[in-house]
**Q** 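Got a structure for you, written out below as structure tokens; questions coming shortly.
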Amino acid sequence: MTALLEVRDLVTAYGKIEALKGVNLDVQQGSITCLLGPNGAGKTTLMMTIAGILRPRIGSIRFAGEEIAGRPPHAIVAGGAALVPENRLVFPNMTVLDNLHAGAYQRKDDFASDIERLFTRFPRLKERSTQLAGTLSGGEQQMLAVARALMSRPKLLLMDEPSLGLAPLVVEEIFRIITQLHQDGVSIFLVEQNAHMALKVAQHFYLMEQGKVTFSGTPGALAEDEVIRRAYLGSARA
Amino acid sequence: MILDLIQNSFDGLAMGASYALLAVGFTLVFGVLRRVNLSYGPAIMFGCYAATWVSFSFHSNIFLLLGIAVLGSVLAGTYVERLCFAPHHKGSAIAAMVASFALWMQFEEVVTLVMPKHLYDFPPMFDAEPLAIGPLSLRAEALVMLACALAICFALHRMLYRSRFGLALRAVTDAPVAAQLAGINVPRVLLLVFLLASAIGGLAGWLIVSTHTQVTPMLGMWSTLKGLLAMMIGGLGSLPGAVIGGLALGVLEAHSQWFLGPQARDLIAYLLLFVLLAWRPRWMTTSHG
Ligand SMILES: Nc1ncnc2c1ncn2[C@@H]1O[C@H](COP(=O)(O)OP(=O)(O)O)[C@@H](O)[C@H]1O
Ligand SMILES: [Mg+2]
């Protein structure tokens, strides 16, 4: 396996406060890689930096062999990485169908069949295709956010806490979709608070605490209760 | 009395149609940026002065003047966007507003430097006498104003809901970060929205000055005020609201001028602005579209 995404010495700051203090990690081609860590560790900051919404101060992000650090977000989508952002961020005053069209904004080819395929995968979205996205339930909005990201046909899907605030049954469905997408060949970089579910699907995981990666390994490498303790609370050193 | 009421309402609607256009331009920019561009009117004034200058220097055809007014507004609008609102000048809304005020002063300086008189004549749209329909009189300019407003609304609606650019515009208005993540080149959309708004503003400016047949540097502040006011009446950020707000403002002004005299016209507008700012009704802050 080769690394699809390589993050090196990445520093991103809000004003004077560094939220990422030199992050290093890889996402292997064809893998599900998971990033765990307590609130405020810098997970969202990392995702937003990879997606180009935030500009890093120092460091490198190589994606599919190209340096993408500091590129604008639309260029990164064009390059094949799409982010399903924290709190879903659908277009609330646009219809479900228009949300999907917006996701395909950069595509010049015909994407009607993609919409059909996504509607088979997410039948609820088909039922509600003419409804405004803001009227959907939290779970449906999450499905829509995933479907919108898939419309750009990404090689790498970045997901920031897709299970946040959702009922257990919906969370299971989200994880079922993640494994399906993985089987279809999409590489996935997943931020999660739900360590238990995440460790079940991931091939590799990282722990992040206070802006730094503090552990890297396969799901068996660290006792799950230790991972969960550090993912929720941060390590004792903190 | 009834006839006067009808006549005033019609005249008000026609004037309101040009206010509606001003408000539509204002709203397009406010919708995507959530910022007030004080230089919106002065950029229109700049375009109208350019047209006036051409008419004095070359004795011009009215459609050429329309073209110059639109082009001048677009150029001035682009200048405002690049200097005050372009995304690499991100920062506080206050900073952008102050910057747009500074450009307002620049535009006034430039036009008064080149054309220092307080007032210039502008060629009328038509030489024709008003059409008489029974006891009512119908100015051809009024019909042109209404027709232009209608055509622009129709075209905008189609653009918003049928075109790729319309989709991008709605997405940026609705959730700018999500639009970036969807792969939309947001800075480019913002620039194009500015150009579009300036072009519509330029058309509105031409309609107004060729109806009034005169131009003064006050046109800048006047256009910003009327556009802003109509946008506020219609609920900040809603395009259909901007149209309704413009028409309502026109009719209100026409009637208050009739009942209270010509000085009341602008006074009522300022008073309404004051009331809306103090009262901040619910519809003004919650609507979308
Ligand atoms: N917009 C912001 N402005 C200033 N500080 C921020 C901003 N967003 C996040 N932070 C800070 O950056 C740190 C990392 O936040 P974040 O990346 O959201 O963490 P996580 O997603 O792991 O919960 C936190 O200390 C947070 O307070
Ligand atoms: Mg987060």
Side-chain angles (χ1 to χ4, degrees), chain A residues 15 44 47-55 70-95 97-108 111 130 132-134 141 144-154 157-160, chain B residues 27-28 30-34 82 85-92 95 156-193 234-242 283 285-289:
Chain A
T44 297
M47 290 304 215
M48 293 297 235
T49 309
I50 297 170
I53 303 284
L54 297 173
R55 276 176 149 269
R71 282 200 194 166
H74 60 91
I76 287 167
V77 174
L83 170 63
V84 182
E86 193 175 45
N87 299 319
R88 337 198 207 292
L89 291 189
V90 295
F91 300 109
N93 295 302
M94 285 164 52
T95 63
L97 201 57
D98 277 347
N99 268 265
L100 296 180
H101 285 152
Y105 188 72
Q106 299 218 348
R107 290 190 42 194
K108 304 274 187 297
F111 50 78
T130 58
L132 296 185
Q141 287 191 15
L144 179 57
V146 174
R148 183 184 65 199
L150 291 174
M151 285 303 294
S152 69
R153 293 227 171 154
L157 189 64
L158 306 157
M159 304 177 91
D160 194 350
Chain B
T27 302
L28 280 170
F30 183 81
V32 290
L33 285 174
R34 295 281 134 188
R82 290 288 100 182
F85 296 97
H88 56 269
H89 288 283
K90 241 181 235 164
S92 73
L156 265 183
H157 189 268
R158 278 198 77 101
M159 186 275 283
L160 277 174
Y161 292 95
R162 300 276 173 83
S163 77
R164 209 170 102 90
F165 176 67
L167 179 72
L169 203 166
R170 284 185 292 135
V172 176
T173 305
D174 210 8
V177 173
Q180 285 180 288
L181 292 174
I184 293 169
N185 185 343
V186 173
R188 203 171 135 263
V189 172
L190 296 185
L191 176 62
L192 289 175
V193 169
L236 293 175
S238 147
L239 283 176
W283 91 80
T285 50
T286 53
S287 72
H288 273 278

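The sequence lines fix the lettering, A, B, ..., with proteins before strands; numbering per chain opens at 1.
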**Q** Heavy-atom distances under 4.5 Å only: say whether A/Val90 touches chain B with side chain, backbone, both or neither.
**A**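 It is the backbone, since no side chain atom gets that close.
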
**Q** side-chain contact (heavy atoms from CB on, under 4.5 Å) with B/Leu181: which of A/Ile53, A/Leu158, A/Val84, A/Ile76?
**A**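 Single pass found, and it is A/Ile53.
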
**Q** B/Leu167 and A/Met94: which non-hydrogen atoms are nearest, and at how many Å?
**A**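 Closest heavy-atom pair between B/Leu167 and A/Met94: CD1-CE, 3.9 Å.
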
**Q** Minimum heavy-atom separation for A/Phe91 to B/Ala171, with atom names?
**A**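 Answer, listing the atom of A/Phe91 first, then B/Ala171: CE2-O, 3.5 Å.
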
**Q** Counting only heavy atoms closer than 4.5 Å, note whether A/Pro92 contacts chain B via side chain, backbone, both or neither.
**A**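 For A/Pro92, heavy atoms of backbone and side chain both lie under 4.5 Å from chain B.
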
**Q** Would you mind checking which part of A/Met48 comes under 4.5 Å of any heavy atom in chain B, side chain (CB onward), backbone (N, CA, C, O), both or neither?
**A**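 Side chain only.
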
**Q** Working to the nearest 0.5 Å, report the span between CD of B/Gln180 and CG of A/Leu89.
**A**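 These two atoms lie 11.0 Å from each other.
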
**Q** Got a donor-acceptor contact below 3.5 angstrom from the B/Asp174 side chain to the A/Asn93 backbone?
**A**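 Side chain of B/Asp174 to backbone of A/Asn93, a donor-acceptor pair under 3.5 Å: yes, one is there.
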
**Q** Can you name the closest pair of heavy atoms from A/Tyr105 and B/Ala182 and give their distance?
**A**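 Shortest heavy-atom separation between A/Tyr105 and B/Ala182 comes out as CB-O, 4.2 Å.
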
**Q** Tell me if a side-chain donor or acceptor on A/Gln106 pairs with a main-chain N or O of B/Gly183 at a distance below 3.5 Å.
**A**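 A pair under 3.5 Å: yes.
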
**Q** If you count every heavy atom of other residues, nucleotides or ligands that lies below 6.0 Å from B/Arg164 atom CZ, does the total exceed 12?
**A**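 It does: B/Arg164 CZ has more than 12 such atoms within range.
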
